[in-house]
Number of protein chains: 2
Amino acid sequence: MSLEKSVLIVDDEIKIVSVIESYLIHNEYTVYKAYNGKEALEVFNKESPSLVILDLMLPDISGEEVCRNIRKISRVPIIMLTAKVLEEDILNGLDLGADDYITKPFSPKQLIARVGVVLRRCTGDRQFLSNVLSFNNNDLVINLLKREVKKNNQVVKVTPNEYNILLTLIKFSEKTFTRDELISIVLGDDFDGFDRTVDTHIKNLRQKIESDPKSPSYILTVFGVGYRFDAKP
Amino acid sequence: MSLEKSVLIVDDEIKIVSVIESYLIHNEYTVYKAYNGKEALEVFNKESPSLVILDLMLPDISGEEVCRNIRKISRVPIIMLTAKVLEEDILNGLDLGADDYITKPFSPKQLIARVGVVLRRCTGDRQFLSNVLSFNNNDLVINLLKREVKKNNQVVKVTPNEYNILLTLIKFSEKTFTRDELISIVLGDDFDGFDRTVDTHIKNLRQKIESDPKSPSYILTVFGVGYRFDAKP
DNA sequence: ATTAGTTATGTAGATATTATGAAGAAATTA
DNA sequence: TAATTTCTTCATAATATCTACATAACTAAT
(Lines give C-alpha, C1' and ligand atoms only; values in the text may rest on other atoms or scores of the structure.)
Protein backbone atom coordinates (compact mmCIF):
# COMPACT_ATOMS: atom_id res chain seq x y z
CA MET A 1 0.00 0.00 0.00
CA SER A 2 2.98 2.29 0.44
CA LEU A 3 5.78 3.38 -1.85
CA GLU A 4 8.40 1.08 -0.42
CA LYS A 5 8.97 -2.27 -1.99
CA SER A 6 8.24 -5.33 0.05
CA VAL A 7 9.00 -8.96 -0.58
CA LEU A 8 7.39 -12.04 0.92
CA ILE A 9 9.84 -14.97 1.17
CA VAL A 10 8.23 -18.38 1.39
CA ASP A 11 10.54 -21.30 2.18
CA ASP A 12 10.69 -23.91 4.91
CA GLU A 13 14.47 -23.82 5.12
CA ILE A 14 15.17 -21.21 7.75
CA LYS A 15 18.74 -20.74 6.62
CA ILE A 16 17.75 -19.93 3.05
CA VAL A 17 15.11 -17.50 4.18
CA SER A 18 17.56 -15.66 6.34
CA VAL A 19 20.19 -15.44 3.61
CA ILE A 20 17.70 -14.00 1.16
CA GLU A 21 16.34 -11.72 3.83
CA SER A 22 19.71 -10.20 4.60
CA TYR A 23 20.39 -9.51 0.93
CA LEU A 24 16.98 -7.96 0.46
CA ILE A 25 17.26 -5.78 3.54
CA HIS A 26 20.65 -4.67 2.33
CA ASN A 27 18.91 -3.54 -0.86
CA GLU A 28 16.29 -1.64 1.08
CA TYR A 29 13.35 -3.95 0.69
CA THR A 30 10.89 -4.59 3.44
CA VAL A 31 10.80 -8.34 4.11
CA TYR A 32 8.00 -10.63 5.22
CA LYS A 33 8.60 -14.32 5.85
CA ALA A 34 6.55 -17.48 5.83
CA TYR A 35 7.70 -21.06 6.43
CA ASN A 36 4.79 -22.97 5.01
CA GLY A 37 1.95 -22.57 2.56
CA LYS A 38 -0.80 -21.72 4.98
CA GLU A 39 1.27 -19.04 6.64
CA ALA A 40 2.25 -17.72 3.21
CA LEU A 41 -1.34 -17.07 2.23
CA GLU A 42 -2.08 -15.46 5.58
CA VAL A 43 0.88 -13.12 5.41
CA PHE A 44 0.15 -12.38 1.76
CA ASN A 45 -3.40 -11.32 2.56
CA LYS A 46 -2.33 -9.28 5.52
CA GLU A 47 0.65 -7.47 4.02
CA SER A 48 0.07 -7.32 0.25
CA PRO A 49 3.77 -7.50 -0.62
CA SER A 50 5.05 -6.10 -3.93
CA LEU A 51 6.62 -9.43 -4.84
CA VAL A 52 6.68 -13.05 -3.66
CA ILE A 53 9.66 -15.43 -3.65
CA LEU A 54 8.11 -18.84 -3.47
CA ASP A 55 9.76 -22.19 -2.81
CA LEU A 56 7.80 -25.03 -4.34
CA MET A 57 8.60 -27.70 -1.74
CA LEU A 58 6.64 -26.73 1.33
CA PRO A 59 5.68 -28.96 4.26
CA ASP A 60 1.93 -28.45 4.00
CA ILE A 61 0.35 -27.04 0.84
CA SER A 62 2.51 -27.26 -2.27
CA GLY A 63 4.06 -24.10 -3.66
CA GLU A 64 2.09 -24.60 -6.86
CA GLU A 65 -1.10 -24.54 -4.86
CA VAL A 66 -0.01 -21.38 -3.07
CA CYS A 67 0.71 -19.80 -6.44
CA ARG A 68 -2.68 -20.76 -7.79
CA ASN A 69 -4.37 -19.30 -4.73
CA ILE A 70 -2.49 -16.05 -4.98
CA ARG A 71 -3.26 -15.79 -8.68
CA LYS A 72 -6.95 -16.07 -7.99
CA ILE A 73 -6.88 -12.73 -6.32
CA SER A 74 -3.73 -10.96 -7.39
CA ARG A 75 -1.29 -10.41 -10.20
CA VAL A 76 1.59 -9.76 -7.83
CA PRO A 77 4.93 -10.79 -9.35
CA ILE A 78 6.01 -14.25 -8.22
CA ILE A 79 9.51 -15.69 -8.46
CA MET A 80 9.63 -19.44 -7.99
CA LEU A 81 12.63 -20.86 -6.23
CA THR A 82 13.17 -24.56 -6.17
CA ALA A 83 15.39 -27.58 -6.43
CA LYS A 84 13.23 -28.97 -9.20
CA VAL A 85 15.22 -28.62 -12.36
CA LEU A 86 13.10 -30.71 -14.66
CA GLU A 87 12.03 -28.94 -17.81
CA GLU A 88 8.49 -29.98 -17.08
CA ASP A 89 8.52 -28.38 -13.64
CA ILE A 90 9.86 -25.11 -14.95
CA LEU A 91 7.30 -24.93 -17.72
CA ASN A 92 4.58 -25.78 -15.28
CA GLY A 93 5.76 -23.08 -12.91
CA LEU A 94 5.83 -20.42 -15.58
CA ASP A 95 2.46 -21.58 -16.74
CA LEU A 96 0.98 -21.12 -13.29
CA GLY A 97 1.71 -17.45 -13.60
CA ALA A 98 5.22 -17.18 -12.21
CA ASP A 99 7.33 -14.31 -13.47
CA ASP A 100 10.64 -16.07 -13.09
CA TYR A 101 11.89 -19.47 -12.05
CA ILE A 102 15.22 -19.92 -10.33
CA THR A 103 16.72 -23.29 -9.48
CA LYS A 104 18.61 -24.15 -6.33
CA PRO A 105 21.42 -23.82 -5.61
CA PHE A 106 21.13 -20.21 -6.58
CA SER A 107 23.21 -17.10 -6.28
CA PRO A 108 21.69 -14.59 -3.89
CA LYS A 109 23.07 -11.71 -5.90
CA GLN A 110 21.40 -12.99 -9.00
CA LEU A 111 18.17 -13.53 -7.15
CA ILE A 112 18.22 -9.92 -5.96
CA ALA A 113 18.97 -8.75 -9.49
CA ARG A 114 16.02 -10.71 -10.82
CA VAL A 115 13.78 -9.35 -8.10
CA GLY A 116 14.75 -5.91 -9.34
CA VAL A 117 14.11 -6.79 -12.97
CA VAL A 118 10.70 -8.27 -12.29
CA LEU A 119 9.66 -5.33 -10.16
CA ARG A 120 10.90 -2.86 -12.73
CA ARG A 121 8.88 -4.65 -15.37
CA CYS A 122 5.72 -4.92 -13.32
CA THR A 123 5.52 -1.65 -11.52
CA GLY A 124 7.44 0.72 -13.77
CA ASP A 125 4.91 3.32 -14.67
CA ARG A 126 2.43 0.77 -15.96
CA GLN A 127 3.07 1.73 -19.55
CA PHE A 128 3.05 -0.62 -22.44
CA LEU A 129 6.77 -0.79 -22.36
CA SER A 130 7.34 -2.27 -25.76
CA ASN A 131 5.40 0.41 -27.53
CA VAL A 132 7.14 3.39 -26.06
CA LEU A 133 9.89 5.40 -27.66
CA SER A 134 11.71 7.77 -25.42
CA PHE A 135 14.37 10.36 -26.03
CA ASN A 136 16.64 12.56 -24.02
CA ASN A 137 15.96 10.91 -20.69
CA ASN A 138 12.21 10.77 -21.08
CA ASP A 139 12.00 14.41 -22.08
CA LEU A 140 10.15 13.23 -25.17
CA VAL A 141 8.13 10.03 -24.92
CA ILE A 142 5.98 8.58 -27.65
CA ASN A 143 3.45 5.88 -26.88
CA LEU A 144 2.84 4.14 -30.17
CA LEU A 145 -0.09 2.16 -28.84
CA LYS A 146 -1.96 5.18 -27.60
CA ARG A 147 -0.62 7.44 -30.33
CA GLU A 148 0.28 9.80 -27.59
CA VAL A 149 3.18 12.21 -27.31
CA LYS A 150 4.52 13.39 -23.98
CA LYS A 151 6.89 16.31 -23.55
CA ASN A 152 8.45 16.61 -20.13
CA ASN A 153 5.84 14.23 -18.73
CA GLN A 154 2.96 16.27 -20.09
CA VAL A 155 0.69 14.95 -22.79
CA VAL A 156 0.75 17.20 -25.83
CA LYS A 157 -1.95 16.92 -28.43
CA VAL A 158 -0.51 16.36 -31.88
CA THR A 159 -2.59 16.22 -35.04
CA PRO A 160 -2.54 13.20 -37.36
CA ASN A 161 -0.18 14.84 -39.84
CA GLU A 162 2.10 16.06 -37.11
CA TYR A 163 2.22 12.61 -35.55
CA ASN A 164 2.97 10.94 -38.86
CA ILE A 165 5.67 13.42 -39.78
CA LEU A 166 7.29 13.02 -36.37
CA LEU A 167 7.24 9.25 -36.55
CA THR A 168 8.62 9.23 -40.07
CA LEU A 169 11.51 11.45 -39.03
CA ILE A 170 12.18 9.31 -35.97
CA LYS A 171 12.02 6.04 -37.80
CA PHE A 172 14.87 7.10 -40.03
CA SER A 173 16.66 9.40 -37.65
CA GLU A 174 19.86 9.42 -39.63
CA LYS A 175 18.16 10.53 -42.83
CA THR A 176 17.42 14.07 -43.93
CA PHE A 177 14.02 14.25 -45.60
CA THR A 178 13.12 16.68 -48.33
CA ARG A 179 9.71 18.28 -48.09
CA ASP A 180 8.56 16.25 -51.07
CA GLU A 181 9.62 13.01 -49.44
CA LEU A 182 7.73 13.83 -46.28
CA ILE A 183 4.70 14.81 -48.29
CA SER A 184 4.68 11.60 -50.29
CA ILE A 185 5.14 9.47 -47.18
CA VAL A 186 2.71 11.26 -44.91
CA LEU A 187 0.14 12.79 -47.24
CA GLY A 188 0.37 10.32 -50.09
CA ASP A 189 1.69 10.64 -53.59
CA ASP A 190 -1.48 12.15 -54.89
CA PHE A 191 -1.18 15.27 -52.78
CA ASP A 192 -1.08 18.13 -55.25
CA GLY A 193 -0.48 20.96 -52.84
CA PHE A 194 2.35 23.20 -51.91
CA ASP A 195 5.51 21.69 -50.45
CA ARG A 196 5.85 24.53 -47.95
CA THR A 197 2.89 23.13 -46.11
CA VAL A 198 5.43 20.88 -44.44
CA ASP A 199 7.06 23.92 -42.88
CA THR A 200 3.87 24.77 -41.09
CA HIS A 201 3.54 21.27 -39.68
CA ILE A 202 7.14 21.36 -38.53
CA LYS A 203 6.57 24.73 -36.96
CA ASN A 204 3.58 23.44 -35.04
CA LEU A 205 5.40 20.29 -33.99
CA ARG A 206 8.32 22.29 -32.70
CA GLN A 207 6.01 24.44 -30.63
CA LYS A 208 4.81 21.27 -29.00
CA ILE A 209 7.92 19.16 -28.47
CA GLU A 210 10.89 21.51 -28.39
CA SER A 211 12.04 23.09 -25.15
CA ASP A 212 13.05 26.14 -27.17
CA PRO A 213 11.25 26.15 -30.52
CA LYS A 214 13.51 28.97 -31.70
CA SER A 215 16.55 26.71 -31.51
CA PRO A 216 15.19 23.19 -31.96
CA SER A 217 17.07 20.18 -30.70
CA TYR A 218 14.87 17.35 -32.02
CA ILE A 219 13.72 18.45 -35.45
CA LEU A 220 16.65 20.08 -37.16
CA THR A 221 16.58 22.11 -40.33
CA VAL A 222 19.00 21.07 -43.05
CA PHE A 223 19.30 24.24 -45.02
CA GLY A 224 18.47 23.88 -48.68
CA VAL A 225 17.32 20.27 -48.21
CA GLY A 226 14.69 19.67 -45.57
CA TYR A 227 14.48 18.32 -42.06
CA ARG A 228 15.83 15.52 -39.94
CA PHE A 229 15.31 14.17 -36.44
CA ASP A 230 18.17 14.13 -33.99
CA ALA A 231 17.79 12.44 -30.65
CA LYS A 232 20.24 12.77 -27.87
CA PRO A 233 20.58 9.52 -25.97
CA MET B 1 2.20 -2.25 -33.98
CA SER B 2 -0.99 -4.18 -34.31
CA LEU B 3 -2.55 -6.80 -32.11
CA GLU B 4 -0.22 -9.55 -33.13
CA LYS B 5 3.00 -10.16 -31.25
CA SER B 6 6.31 -10.04 -33.00
CA VAL B 7 9.76 -11.15 -31.91
CA LEU B 8 13.15 -10.15 -33.25
CA ILE B 9 15.73 -12.93 -32.96
CA VAL B 10 19.36 -11.80 -33.00
CA ASP B 11 21.99 -14.53 -33.24
CA ASP B 12 24.79 -15.29 -35.66
CA GLU B 13 24.19 -19.03 -35.49
CA ILE B 14 21.76 -19.69 -38.28
CA LYS B 15 20.72 -23.01 -36.84
CA ILE B 16 19.76 -21.55 -33.48
CA VAL B 17 17.80 -18.76 -35.12
CA SER B 18 15.84 -21.19 -37.19
CA VAL B 19 15.04 -23.44 -34.25
CA ILE B 20 13.74 -20.52 -32.21
CA GLU B 21 11.90 -19.22 -35.23
CA SER B 22 10.02 -22.42 -35.80
CA TYR B 23 8.93 -22.60 -32.16
CA LEU B 24 7.81 -18.99 -32.20
CA ILE B 25 5.90 -19.35 -35.44
CA HIS B 26 4.23 -22.43 -34.04
CA ASN B 27 3.07 -20.23 -31.18
CA GLU B 28 1.71 -17.64 -33.55
CA TYR B 29 4.32 -14.99 -33.24
CA THR B 30 5.52 -12.93 -36.16
CA VAL B 31 9.29 -13.41 -36.43
CA TYR B 32 12.04 -11.06 -37.60
CA LYS B 33 15.64 -12.19 -37.80
CA ALA B 34 19.07 -10.56 -37.67
CA TYR B 35 22.48 -12.22 -37.79
CA ASN B 36 24.65 -9.40 -36.52
CA GLY B 37 24.41 -6.29 -34.42
CA LYS B 38 24.13 -3.76 -37.22
CA GLU B 39 21.35 -5.69 -38.89
CA ALA B 40 19.64 -6.07 -35.53
CA LEU B 41 19.40 -2.33 -35.01
CA GLU B 42 18.18 -1.81 -38.56
CA VAL B 43 15.47 -4.40 -38.30
CA PHE B 44 14.53 -3.16 -34.86
CA ASN B 45 14.00 0.37 -36.14
CA LYS B 46 12.10 -0.80 -39.14
CA GLU B 47 9.78 -3.30 -37.51
CA SER B 48 9.36 -2.25 -33.87
CA PRO B 49 9.01 -5.83 -32.59
CA SER B 50 7.19 -6.52 -29.33
CA LEU B 51 10.20 -8.36 -27.89
CA VAL B 52 13.87 -9.01 -28.70
CA ILE B 53 15.80 -12.24 -28.15
CA LEU B 54 19.43 -11.17 -28.15
CA ASP B 55 22.57 -13.30 -28.29
CA LEU B 56 25.50 -11.54 -26.68
CA MET B 57 28.23 -12.96 -28.91
CA LEU B 58 27.80 -11.28 -32.26
CA PRO B 59 30.36 -10.97 -35.03
CA ASP B 60 30.36 -7.19 -35.22
CA ILE B 61 28.91 -5.08 -32.42
CA SER B 62 28.58 -6.87 -29.08
CA GLY B 63 25.14 -7.83 -27.86
CA GLU B 64 25.63 -5.58 -24.87
CA GLU B 65 26.18 -2.67 -27.21
CA VAL B 66 23.07 -3.57 -29.18
CA CYS B 67 21.12 -3.69 -25.94
CA ARG B 68 22.40 -0.28 -24.91
CA ASN B 69 21.48 1.16 -28.29
CA ILE B 70 17.99 -0.24 -28.17
CA ARG B 71 17.53 1.02 -24.62
CA LYS B 72 18.39 4.53 -25.76
CA ILE B 73 15.16 4.73 -27.65
CA SER B 74 12.94 1.93 -26.46
CA ARG B 75 11.88 -0.05 -23.45
CA VAL B 76 11.02 -3.10 -25.50
CA PRO B 77 11.42 -6.34 -23.50
CA ILE B 78 14.79 -7.98 -24.15
CA ILE B 79 15.69 -11.58 -23.37
CA MET B 80 19.42 -12.22 -23.44
CA LEU B 81 20.58 -15.55 -24.71
CA THR B 82 24.18 -16.54 -24.35
CA ALA B 83 26.85 -19.07 -23.54
CA LYS B 84 28.31 -16.82 -20.86
CA VAL B 85 27.43 -18.38 -17.56
CA LEU B 86 29.55 -16.28 -15.27
CA GLU B 87 27.64 -14.70 -12.45
CA GLU B 88 29.19 -11.40 -13.39
CA ASP B 89 27.92 -11.59 -16.97
CA ILE B 90 24.40 -12.38 -15.89
CA LEU B 91 24.32 -9.53 -13.40
CA ASN B 92 25.76 -7.22 -16.02
CA GLY B 93 23.16 -8.31 -18.55
CA LEU B 94 20.27 -7.77 -16.18
CA ASP B 95 21.76 -4.44 -15.27
CA LEU B 96 21.80 -3.32 -18.90
CA GLY B 97 18.05 -3.52 -18.91
CA ALA B 98 17.44 -7.10 -19.96
CA ASP B 99 14.18 -8.65 -18.84
CA ASP B 100 15.49 -12.17 -18.66
CA TYR B 101 18.78 -13.94 -19.16
CA ILE B 102 18.95 -17.48 -20.47
CA THR B 103 22.16 -19.48 -20.80
CA LYS B 104 23.04 -21.79 -23.67
CA PRO B 105 22.41 -24.61 -24.14
CA PHE B 106 18.80 -23.73 -23.56
CA SER B 107 15.50 -25.46 -23.98
CA PRO B 108 13.43 -23.92 -26.77
CA LYS B 109 10.24 -24.73 -24.92
CA GLN B 110 11.43 -22.88 -21.87
CA LEU B 111 12.55 -19.95 -23.99
CA ILE B 112 9.10 -19.70 -25.55
CA ALA B 113 7.51 -19.94 -22.12
CA ARG B 114 9.69 -17.11 -20.89
CA VAL B 115 8.86 -15.03 -23.95
CA GLY B 116 5.24 -15.49 -23.02
CA VAL B 117 5.84 -14.54 -19.39
CA VAL B 118 7.69 -11.37 -20.28
CA LEU B 119 5.12 -10.32 -22.85
CA ARG B 120 2.27 -11.09 -20.51
CA ARG B 121 3.79 -8.61 -18.10
CA CYS B 122 4.73 -5.96 -20.60
CA THR B 123 1.90 -5.76 -23.06
CA GLY B 124 -1.52 -4.42 -22.74
CA ASP B 125 -3.79 -7.31 -23.31
CA ARG B 126 -4.70 -8.14 -19.79
CA GLN B 127 -6.10 -11.52 -19.06
CA PHE B 128 -8.91 -10.88 -16.69
CA LEU B 129 -8.25 -12.17 -13.20
CA SER B 130 -11.76 -12.26 -11.94
CA ASN B 131 -15.20 -12.08 -13.41
CA VAL B 132 -15.61 -8.52 -12.31
CA LEU B 133 -13.74 -5.55 -13.74
CA SER B 134 -13.94 -2.30 -11.96
CA PHE B 135 -12.59 1.11 -12.81
CA ASN B 136 -12.17 4.41 -11.13
CA ASN B 137 -13.06 3.24 -7.64
CA ASN B 138 -16.07 1.21 -8.65
CA ASP B 139 -17.55 4.04 -10.66
CA LEU B 140 -17.69 1.63 -13.58
CA VAL B 141 -18.07 -2.07 -12.86
CA ILE B 142 -18.44 -4.82 -15.41
CA ASN B 143 -19.56 -8.30 -14.47
CA LEU B 144 -18.29 -10.58 -17.18
CA LEU B 145 -20.41 -13.54 -16.18
CA LYS B 146 -23.64 -11.62 -16.08
CA ARG B 147 -22.62 -9.40 -18.99
CA GLU B 148 -23.75 -6.58 -16.81
CA VAL B 149 -22.47 -3.01 -16.66
CA LYS B 150 -22.87 -0.83 -13.59
CA LYS B 151 -22.29 2.89 -13.55
CA ASN B 152 -22.09 4.46 -10.14
CA ASN B 153 -23.69 1.36 -8.61
CA GLN B 154 -26.62 1.45 -11.01
CA VAL B 155 -27.12 -1.22 -13.62
CA VAL B 156 -27.19 0.27 -17.08
CA LYS B 157 -28.57 -1.67 -19.99
CA VAL B 158 -26.10 -1.95 -22.83
CA THR B 159 -26.86 -3.58 -26.14
CA PRO B 160 -24.79 -6.52 -27.45
CA ASN B 161 -22.75 -4.36 -29.82
CA GLU B 162 -22.16 -1.75 -27.18
CA TYR B 163 -21.01 -4.40 -24.71
CA ASN B 164 -18.66 -5.98 -27.21
CA ILE B 165 -17.16 -2.67 -28.25
CA LEU B 166 -16.65 -1.69 -24.63
CA LEU B 167 -15.02 -4.99 -23.77
CA THR B 168 -12.75 -4.88 -26.78
CA LEU B 169 -11.59 -1.42 -25.84
CA ILE B 170 -11.03 -2.52 -22.26
CA LYS B 171 -9.27 -5.75 -23.11
CA PHE B 172 -6.65 -3.83 -25.02
CA SER B 173 -6.81 -0.84 -22.75
CA GLU B 174 -4.96 2.14 -24.04
CA LYS B 175 -4.64 0.84 -27.55
CA THR B 176 -6.17 3.22 -30.02
CA PHE B 177 -8.55 1.36 -32.30
CA THR B 178 -9.56 2.51 -35.73
CA ARG B 179 -13.22 2.22 -36.58
CA ASP B 180 -12.41 -0.56 -39.01
CA GLU B 181 -10.58 -2.54 -36.36
CA LEU B 182 -13.51 -2.28 -34.01
CA ILE B 183 -15.89 -3.28 -36.76
CA SER B 184 -13.89 -6.32 -37.76
CA ILE B 185 -13.50 -7.45 -34.15
CA VAL B 186 -17.03 -6.77 -33.00
CA LEU B 187 -19.16 -7.11 -36.12
CA GLY B 188 -17.00 -9.50 -38.07
CA ASP B 189 -14.97 -9.07 -41.21
CA ASP B 190 -17.94 -9.54 -43.47
CA PHE B 191 -19.70 -6.43 -42.28
CA ASP B 192 -20.12 -4.33 -45.38
CA GLY B 193 -21.58 -1.25 -43.79
CA PHE B 194 -20.47 2.20 -43.02
CA ASP B 195 -17.59 2.69 -40.57
CA ARG B 196 -19.33 5.67 -38.98
CA THR B 197 -21.76 3.28 -37.43
CA VAL B 198 -19.15 2.89 -34.73
CA ASP B 199 -19.57 6.56 -33.83
CA THR B 200 -23.18 6.00 -32.99
CA HIS B 201 -22.40 3.05 -30.75
CA ILE B 202 -19.73 5.07 -29.01
CA LYS B 203 -22.16 7.93 -28.58
CA ASN B 204 -24.71 5.65 -26.99
CA LEU B 205 -22.12 3.99 -24.77
CA ARG B 206 -20.92 7.36 -23.58
CA GLN B 207 -24.43 8.36 -22.65
CA LYS B 208 -24.55 5.28 -20.46
CA ILE B 209 -21.15 5.12 -18.80
CA GLU B 210 -19.69 8.60 -18.80
CA SER B 211 -20.37 11.02 -16.01
CA ASP B 212 -20.25 13.82 -18.55
CA PRO B 213 -20.75 12.44 -22.05
CA LYS B 214 -19.72 15.79 -23.52
CA SER B 215 -16.22 15.37 -22.14
CA PRO B 216 -15.70 11.65 -21.82
CA SER B 217 -13.15 10.18 -19.45
CA TYR B 218 -13.39 6.47 -20.31
CA ILE B 219 -13.80 6.33 -24.05
CA LEU B 220 -11.51 8.90 -25.58
CA THR B 221 -11.50 10.11 -29.14
CA VAL B 222 -8.19 10.03 -30.97
CA PHE B 223 -8.75 12.50 -33.72
CA GLY B 224 -8.14 11.18 -37.18
CA VAL B 225 -7.72 7.64 -35.91
CA GLY B 226 -10.45 6.25 -33.72
CA TYR B 227 -11.12 5.58 -30.06
CA ARG B 228 -9.40 4.18 -27.02
CA PHE B 229 -10.28 3.25 -23.45
CA ASP B 230 -8.44 4.90 -20.62
CA ALA B 231 -9.07 4.26 -16.93
CA LYS B 232 -7.40 3.16 -13.76
CA PRO B 233 -8.39 -0.38 -12.82
C1' DA C 1 27.75 44.44 -46.30
C1' DT C 2 24.64 43.17 -49.93
C1' DT C 3 21.72 40.20 -52.05
C1' DA C 4 19.26 36.28 -53.58
C1' DG C 5 17.46 32.43 -51.91
C1' DT C 6 15.59 29.84 -48.00
C1' DT C 7 13.25 29.10 -43.71
C1' DA C 8 10.20 30.72 -39.72
C1' DT C 9 5.86 32.17 -38.24
C1' DG C 10 1.14 34.17 -37.58
C1' DT C 11 -3.27 34.23 -39.56
C1' DA C 12 -7.52 32.96 -41.76
C1' DG C 13 -10.36 30.65 -44.98
C1' DA C 14 -10.96 25.98 -46.73
C1' DT C 15 -11.34 21.33 -45.67
C1' DA C 16 -11.93 17.31 -42.91
C1' DT C 17 -13.46 14.91 -38.88
C1' DT C 18 -16.41 14.03 -35.01
C1' DA C 19 -20.80 14.62 -32.27
C1' DT C 20 -25.51 14.22 -32.16
C1' DG C 21 -30.43 13.69 -32.97
C1' DA C 22 -33.81 11.50 -35.65
C1' DA C 23 -35.82 7.96 -38.50
C1' DG C 24 -36.25 3.93 -41.17
C1' DA C 25 -34.47 -1.00 -41.46
C1' DA C 26 -33.40 -5.15 -39.34
C1' DA C 27 -33.49 -8.23 -35.74
C1' DT C 28 -35.37 -10.04 -31.62
C1' DT C 29 -38.97 -11.11 -28.46
C1' DA C 30 -43.53 -11.90 -27.02
C1' DT D 1 -47.90 -11.25 -36.32
C1' DA D 2 -47.25 -7.36 -33.49
C1' DA D 3 -44.44 -5.05 -30.30
C1' DT D 4 -40.13 -3.94 -28.87
C1' DT D 5 -35.45 -3.38 -29.12
C1' DT D 6 -31.34 -2.70 -31.58
C1' DC D 7 -28.74 -1.41 -35.60
C1' DT D 8 -27.62 1.46 -39.30
C1' DT D 9 -27.78 5.44 -42.05
C1' DC D 10 -28.19 10.11 -42.85
C1' DA D 11 -28.27 15.13 -42.16
C1' DT D 12 -26.48 18.82 -39.73
C1' DA D 13 -24.03 21.21 -36.12
C1' DA D 14 -19.80 21.66 -33.69
C1' DT D 15 -14.80 21.05 -33.68
C1' DA D 16 -10.37 20.32 -35.24
C1' DT D 17 -7.05 20.36 -38.72
C1' DC D 18 -4.87 21.63 -43.03
C1' DT D 19 -3.25 24.66 -46.38
C1' DA D 20 -1.82 28.77 -48.43
C1' DC D 21 -0.05 33.05 -48.22
C1' DA D 22 2.20 37.19 -46.54
C1' DT D 23 5.93 38.89 -44.19
C1' DA D 24 9.80 38.57 -41.07
C1' DA D 25 14.05 36.34 -40.04
C1' DC D 26 17.72 33.91 -41.40
C1' DT D 27 21.69 31.73 -44.40
C1' DA D 28 25.26 31.46 -47.71
C1' DA D 29 27.83 33.32 -51.13
C1' DT D 30 29.53 37.24 -53.47
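Convention: sequence-line order gives letters A, B, ...; per-chain numbering from 1.
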Fill in the blank from the handout: When P213(A) and F223(A) are each assigned the nearest nucleotide of DNA chain C, the 5'-most assignment goes to F223(A)
Practice task
Spell out, as yes or no, whether a donor-acceptor pair under 3.5 Å connects the side chain of T178(B) to the backbone of G226(B).
Solution key: no
Exercise for the section: Let me know the distance between CD of E162(A) and P of dT9(C), rounded to the nearest Å. Expected result: 14 Å
Exercise for the section: Look at the side-chain N and O atoms of T221(A) and state whether any lies under 4.0 Å from the OP1 or OP2 oxygen of dA8(C). Expected result: yes
Handout entry: Integer-rounded Å distance: dA20(D) C1' and D192(A) CG
Key = 13 Å
Exercise for the section: For dA20(D), take OP1 and OP2 only and decide whether either is under 4.0 Å from a side-chain N or O of T197(A). Expected result: yes
Practice task
With rounding to the nearest 0.5 Å, note down the distance linking CG in L220(B) to CD in E210(B).
Solution key: 7.5 Å
Exercise for the section: Could you tell me how the ring of F135(B) sits relative to the ring of F229(B): parallel (under 30°), tilted (30 to 60°) or perpendicular (over 60°)? Expected result: perpendicular
Handout entry: Below 4.0 Å: OP1/OP2 of dT20(C) and any side-chain N or O of K214(B)
Key = yes
Exercise for the section: Take the protein atom CG of D199(B) and the nucleotide atom C1' of dT12(D), then report the distance between them rounded to whole Å. Expected result: 14 Å
Handout entry: Spacing of I219(B) atom CD1 relative to dT20(C) atom P, expressed in whole Å
Key = 12 Å
Completion exercise
When rounded to whole Å, the NE2 to P distance for the pair H201(A) and dT7(C) reads 16 Å
Problem - Upstream residue (5' side of DNA chain D) when G193(A) and V158(B) are each assigned their closest nucleotide - result: V158(B)
Problem - Distance test, side-chain N/O of N161(A) to OP1/OP2 of dT19(D), below 4.0 Å - result: yes
Handout entry: Minimum side-chain heavy-atom gap S184(A)-D189(A) below 4.5 Å
Key = yes
Practice task
Write down the distance between CZ (F191(A)) and C1' (dT15(C)), rounded to a whole number of angstrom.
Solution key: 12 Å
Exercise for the section: Using only side-chain N and O atoms of Y227(A), determine if any of them is under 4.0 Å from OP1 or OP2 of dT6(C). Expected result: no
Practice task
Kindly say if R196(A) contacts the phosphate of dT19(D), meaning a side-chain N or O under 4.0 Å from OP1 or OP2.
Solution key: no
Exercise for the section: Specify the separation, in whole Å, of atom NZ of K157(A) and atom P of dT18(C). Expected result: 12 Å
Exercise for the section: Select from N204(A) and V198(B) the residue whose nearest nucleotide in DNA chain D is closer to the 5' end of that strand. Expected result: V198(B)
Problem - T200(B) side-chain N/O to dC7(D) phosphate OP1/OP2 under 4.0 Å - result: no
Practice task
Calculate the interatomic distance between K203(B) atom NZ and dT6(D) atom C1'; express it in whole Å.
Solution key: 13 Å
Practice task
Just call it for V186(A): base, sugar-phosphate, or nothing, with non-hydrogen atoms closer than 4.0 Å on any strand.
Solution key: nothing
Problem - R179(B) side-chain N/O to dT17(C) phosphate OP1/OP2 under 4.0 Å - result: no
Practice task
Evaluate the side-chain proximity of V222(B) to E148(A): yes if any heavy-atom separation is below 4.5 Å, no if none is.
Solution key: no
